[in-house]
*Asks:* 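Take a look at this one; I'll ask things after.
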Amino acid sequence: MPCGFRLRIRRTRARVGPEDPEGVRVVAKITLTDGRSVDASSPEGRHVLRHSTSHVMAQAVSSLFPGAKYAIGPAIEDGFYYDFDIGRPFTPEDLDAIDAKMREIIAEQQKFEHEALTRDEGLKRFADQPFKVEIIKGVEESEGGGESVSVFRNDGWEDLCLGPHLEHTGLIPAFKLMRVAGAYWRGDEHNPMLQRIYGTAWESQEALEQHLQMLEEAERRDHRKLGRELDLYSWADEVGPGLALWHPKGALVRKTLEDLSREMHLQFGYQPVFSPHLGRSTLWEVSGHLGYYRENMFPAMEADDGGEYIAKPMNCPFHILIYRSRTRSYRDLPIRLSELGTVYRYERSGTLHGLLRARGLTQDDSHIFCRPDQVVDELLGVIEFFRALYATVGMGPDRVRFSTRPDKSVGSDELWDLAQEAIPEALRRAGIDFTVDEGDGTFYGPKIDIDVRDAIGRYWQVATIQVDFNLPERFGLEYTDEDNVHKRPVMIHRALYGSMERFVGVLVEHYAGAFPTWLAPVQTVIVPIADRHAEHAAGLAEQLRAHGVRVDIDDSRETMQLKVRNAELQKAPYILVVGDKEIENATVAVRARGMGKARFGVPFDEFAGVHQGGPPREGLLPV
RNA sequence: GCCGGAGUAGCUCAGUGGCAGAGCUUUCGAUUCGUAAUCGAAGGGUCGGGGGUUCGAAUCCCCCCUCCGGCUCCA
């Protein structure tokens, strides 16, 4: 899509567990079918283990469901899956039976044996397995006619497979079947849907349990659950799916991030603009969205003036029209227009996921219009900006991907070459390691995607920087160069947070709801012990507010213990308890989050002093 | 959009054909408390929505909506 960056959700599971070489544990060696011996907990060891476990699962399914068709069953991060067609979905009882059968197969220590067949033998051998037949035929075609197909067999059950495998099934120490899900054959939604069983397998029971604990931890951090518990945001049927309501506390977190973003955009030479939420359908025809992006747009609304208006799925056309509102000189460039622009995208219903995939979202969206010779510097500037912003927020970049020209693309070779040289050069000059995804760029230009890693090791894509040759063309953008010739500017789209929704969602999961003080919606809760202390507490609150601290007083007629508990559950960074002693000595009893106990007799001025000029961005008052 | 699961009070959940429940939250009353839950009472429900079966439906059937886990998509 022209100018369309869609922020991709990557909820890659964390790599936790004893894979870390720091663990220095003695790891069991496992022997593979190719005779080699590898550490069970090494990436390769785990990969083979999981792959073999998927075979055992398919073997169990075949034995329990005669006639089952099996498709593919690879190892994946943290586990494995296998796709089947048994003519109906699997039930939880089926899973129990499969699990039990697998344990039998493992107990029997069946040897995995390799065999090479000719294609014709393979086709004969798997004649009743249509998916395997298709794979064999595919191998034939793509390999220019592979001479043989590889098969692995244990105890009479065999599967098309390159291997290697464990020496025998008894080398599977710990596994668990996780869930069943539908999955299209070959990932194509036009193909029939198969039943996929996901499982996880580890080199030890301990490692398996550690993994399961990690999953529980992820569940505990789920931003949808924490959003409700901390009263940050919600959704309502009456509003519609994917359209969040920001409650005061969630809005405060978001506003704090937005304020930072606006401030830094000014520092980095961007000019704020505003654009409407709607535009006539003709605008979206010119931009190409109606041609390429229609299915992601809310339907048009018809107005009495005969025009059709459409809610914007992207901000770029508006910024482009601001650029085009007058003639531009080469001296004017680069022009950097920025907006926290709220867009609406009709995402398919099954793809919505809390704040992380929404239908209404606000991008920290900017468009840079520059001369071709300015592209490297502009990219560098964006990267610097990213670093400064994320240093403040306290995250990444932890993974950077450069995606190059896909097969189908617009724009001249000259421009592509320019951009594809500019991106790696800018990344190198910035000292950033990156991987290259060949052909994964957008059709209108190459891009950089940046992921950050959260507190439990998951990667999230946040920022994206995309060079665009298409929209300047479509809208006929020009500038007058020093030789008085009209030339076409290059456009760079970029979002650093990505979207406010997504970024807040990521931060909630990253911090498990315990925001650092500068982001915490309520930074300090004051708890007067008895009614007679309420007035004093109000005075303290007043002083702290004067320091810019967000303070709440809990003057409910509850016990101090309950009020402390509630403030803890709300994950307030500081709880100040005040009673007779504190009033007498002008002190407070400070309970800093996570410390588990209070520090008594802290002079109030000392506490307030820490917050001079606003609360600290990181860290808590030492206790 | 597709496959599977789920939807009962604000929240977490019990209730499988016969009077709709519990804990927390909320409100009221008492308690004025020293660091993660004081005591008591009350309120609160078209059992996601609509249709059907039945003497009788939260419970069985059909359609729809929403959420959850995947797939697909994320120009």
Side-chain angles (χ1 to χ4, degrees), chain A residues 1-11 81 83 85 88-92 178-198 219 222 224-225 228-229 231 234-242 287-289 291-297 313-314 316 345-354 356-357 406 408-410 441-445 447 449 461 464 466 468 470-471 493 527-534 555-570 575-582 589-591 595-600:
Chain A
M1 182 62 260
C3 92
F5 38 78
R6 184 45 255 189
L7 303 167
R8 190 173 197 156
I9 296 187
R10 286 203 176 227
R11 300 200 62 192
Y81 67 79
D83 289 345
D85 179 5
R88 65 167 176 86
F90 290 102
T91 65
M178 303 299 286
R179 62 172 60 94
V180 186
Y184 301 106
W185 165 236
R186 301 222 141 141
D188 185 335
E189 64 181 314
H190 304 294
N191 285 339
M193 185 163 266
L194 308 174
Q195 294 299 316
R196 173 172 299 178
I197 303 178
Y198 281 95
E219 208 170 311
D222 190 309
R224 295 163 296 188
K225 179 181 147 86
R228 190 168 46 238
E229 288 171 4
D231 199 14
S234 66
W235 289 265
D237 279 357
E238 294 88 331
V239 179
S287 71
H289 288 86
Y292 292 99
Y293 202 67
R294 183 173 226 138
E295 60 181 27
N296 276 303
M297 293 163 75
M314 296 178 195
C316 17
R345 297 177 178 179
Y346 192 80
E347 302 288 356
R348 290 164 90 176
S349 59
T351 64
L352 300 175
H353 186 92
L356 300 177
R357 188 77 183 271
K408 224 180 89 182
S409 61
V410 302
T442 67
F443 80 89
Y444 52 82
K447 62 172 180 174
D449 291 314
Q461 187 191 322
T464 183
Q466 307 184 348
D468 185 351
N470 180 48
L471 284 178
H493 311 253
V527 174
I529 290 179
D531 285 354
R532 65 179 179 278
H533 309 123
D555 56 3
S556 59
R557 292 168 55 87
E558 295 294 345
T559 59
M560 181 261 307
Q561 288 88 334
L562 183 68
K563 291 193 271 195
V564 168
R565 174 181 153 84
N566 287 339
E568 285 280 355
L569 290 175
Q570 288 298 303
I575 301 167
L576 304 186
V577 177
V578 291
D580 292 335
K581 279 182 280 187
E582 285 74 19
V590 180
R591 203 181 153 102
M595 296 304 177
K597 60 179 197 253
R599 179 181 165 208
F600 294 92

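In the text below, chain A, chain B and the rest are named by the order of the sequence lines, each starting its count at 1.
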*Asks:* Does the base of B:C73 carry an N or O that pairs as donor and acceptor with the side chain of A:Arg357 under 3.5 Å?
*Replies:*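 Yes, the side chain and the base share a sub-3.5 Å donor-acceptor pair.
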*Asks:* Ignoring backbone atoms, test whether A:Arg532 places a side-chain nitrogen or oxygen under 4.0 Å from the OP1 or OP2 oxygen of B:C33.
*Replies:*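 Answer yes for this pair, as a side-chain N or O of A:Arg532 is under 4.0 Å from OP1 or OP2.
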*Asks:* Is any side-chain nitrogen or oxygen of A:Thr351 closer than 4.0 Å to OP1 or OP2 of B:C73?
*Replies:*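 Answer is no, no contact under 4.0 Å.
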*Asks:* Measure CG/A:Asn566 against P/B:A36 and give the value in whole Å, please.
*Replies:*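 These atoms are roughly 12 Å apart.
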*Asks:* Taking any strand in view, what nucleotide pairs with B:G43 in a Watson-Crick or G-U wobble way, both distances under 3.5 Å?
*Replies:*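 None - no nucleotide pairs with B:G43, as no candidate has both distances under 3.5 Å.
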*Asks:* Given the C1' atoms of B:U59 and B:C24, what is the spacing between them in whole Å?
*Replies:*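 My reading of the C1' atoms in B:U59 and B:C24 gives 26 Å.
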*Asks:* Quickly work out the A:Leu356 CG to B:C67 C1' distance and round it to whole Å.
*Replies:*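 That distance rounds to 15 Å.
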*Asks:* Judged by each residue's nearest nucleotide on RNA chain B, which is more toward the 5′ side, A:Val564 or A:Ala530?
*Replies:*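 Its nearest nucleotide being more 5', the pick is A:Ala530.
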*Asks:* Between B:U35 and A:Arg565, counting only base atoms on the nucleotide and side-chain atoms on the residue, is there a donor-acceptor pair under 3.5 Å?
*Replies:*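 No.
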*Asks:* Would you say A:Arg224 places a side-chain N or O within less than 4.0 Å of OP1 or OP2 belonging to B:G69?
*Replies:*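 Yes.
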*Asks:* Using a strict threshold of under 4.0 Å (side-chain N to carboxylate O), is an ion pair present between A:Glu558 and A:Arg565?
*Replies:*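 No.
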*Asks:* Starting at CH2 of A:Trp235, measure out to CG of A:Leu352 and round the result to the nearest 0.5 Å.
*Replies:*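 If we round to the nearest 0.5 Å, A:Trp235:CH2 and A:Leu352:CG are 10.5 Å apart.
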*Asks:* Can you check whether any acceptor in the base of B:A36 is under 3.5 Å from a donor in the side chain of A:Arg591, or vice versa?
*Replies:*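 When only heavy-atom distances are counted, A:Arg591 does reach the base of B:A36 through a donor-acceptor pair under 3.5 Å.
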*Asks:* Is it the case that B:G1 (base atoms only) and A:Tyr184 (side chain only) share a donor and an acceptor within less than 3.5 Å, ignoring hydrogens and angles?
*Replies:*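 Result: at least one qualifying N/O pair found.
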*Asks:* Is any side-chain N or O of A:His353 closer than 4.0 Å to OP1 or OP2 of B:G70?
*Replies:*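 Looking at the OP1 and OP2 atoms of B:G70, neither is under 4.0 Å from any side-chain N or O of A:His353.
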*Asks:* Name the pairing partner of B:C11, where a pair is Watson-Crick or G-U wobble with both distances under 3.5 Å, or state none.
*Replies:*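 The answer is B:G23, by the H-bond criterion.
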*Asks:* Is the closest basic N to carboxylate O distance between A:Glu568 and A:Arg591 below 4.0 Å?
*Replies:*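 Judged by the 4.0 Å cut-off on N to carboxylate O distance, A:Glu568 and A:Arg591 do form a salt bridge.
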*Asks:* With both distances under 3.5 Å as the test, what is the Watson-Crick or G-U wobble partner of B:C33?
*Replies:*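 Paired with no nucleotide.
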*Asks:* Applying a 4.0 Å non-hydrogen cut-off, can you work out what A:Lys581 is touching in the nucleic acid: base, sugar-phosphate, or nothing?
*Replies:*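 Contact class for A:Lys581: base.
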*Asks:* Considering only the P atoms, how many Å lie between B:U27 and B:G34, rounded to the nearest integer?
*Replies:*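 That atom pair is separated by 24 Å.
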*Asks:* Taking B:G48 as the reference, what is the distance to B:C2 when you measure between their P atoms (whole Å, please)?
*Replies:*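 The same atom, P, in both gives a distance of 23 Å.
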*Asks:* Using the P atom on both, measure B:U16 against B:G7 and round to a whole Å.
*Replies:*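 Approximately 13 Å lies between the P atom of B:U16 and that of B:G7.
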*Asks:* Work out how far the C1' atom of B:A58 is from that of B:A9, and round it to whole angstrom.
*Replies:*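 Each nucleotide's C1' atom is 14 Å from the other's.
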*Asks:* At under 4.0 Å, does any side-chain N or O of A:Tyr198 touch on OP1 or OP2 of B:C71?
*Replies:*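 So the side-chain polar atoms of A:Tyr198 do come within 4.0 Å of the phosphate oxygens OP1 or OP2 of B:C71, strictly under.
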*Asks:* Taking the basic N atoms (NZ, or NE/NH1/NH2) and the acidic carboxylate oxygens, is any pair closer than 4.0 Å for A:Arg186 and A:Asp188?
*Replies:*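 Between A:Asp188 and A:Arg186 there is no salt bridge, as every charged N stays at least 4.0 Å from the carboxylate O atoms.
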*Asks:* Suppose you measure atom P in B:U66 against the same atom in B:C61; what distance do you get, rounded to whole Å?
*Replies:*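 Rounded to whole Å, the distance is 22 Å.
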*Asks:* Heavy atoms under 4.0 Å, any strand shown: does A:Ala567 hit a base, just sugar-phosphate, or nothing?
*Replies:*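 Result for A:Ala567 = nothing.
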*Asks:* Write down the distance between CG (A:Asp188) and P (B:C73), rounded to a whole number of angstrom.
*Replies:*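 Between P of B:C73 and CG of A:Asp188: 8 Å.
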*Asks:* Take atom C1' in B:U46 and the same atom in B:G40, then report the distance between them in whole Å.
*Replies:*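 Here B:U46 and B:G40 have their C1' atoms 32 Å from each other.
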*Asks:* Between the protein and nucleotides 4-13 of chain B, list the N/O to N/O atom pairs that are separated by less than 3.5 angstrom.
*Replies:*
residue, atom, partner, partner atom, Å
B:U12, OP1, A:Arg228, NH2, 2.9

*Asks:* Can you tell me, in whole Å, how much space there is between the P of B:C33 and that of B:U26?
*Replies:*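 Comparing P positions in B:C33 and B:U26 gives a spacing of 22 Å.
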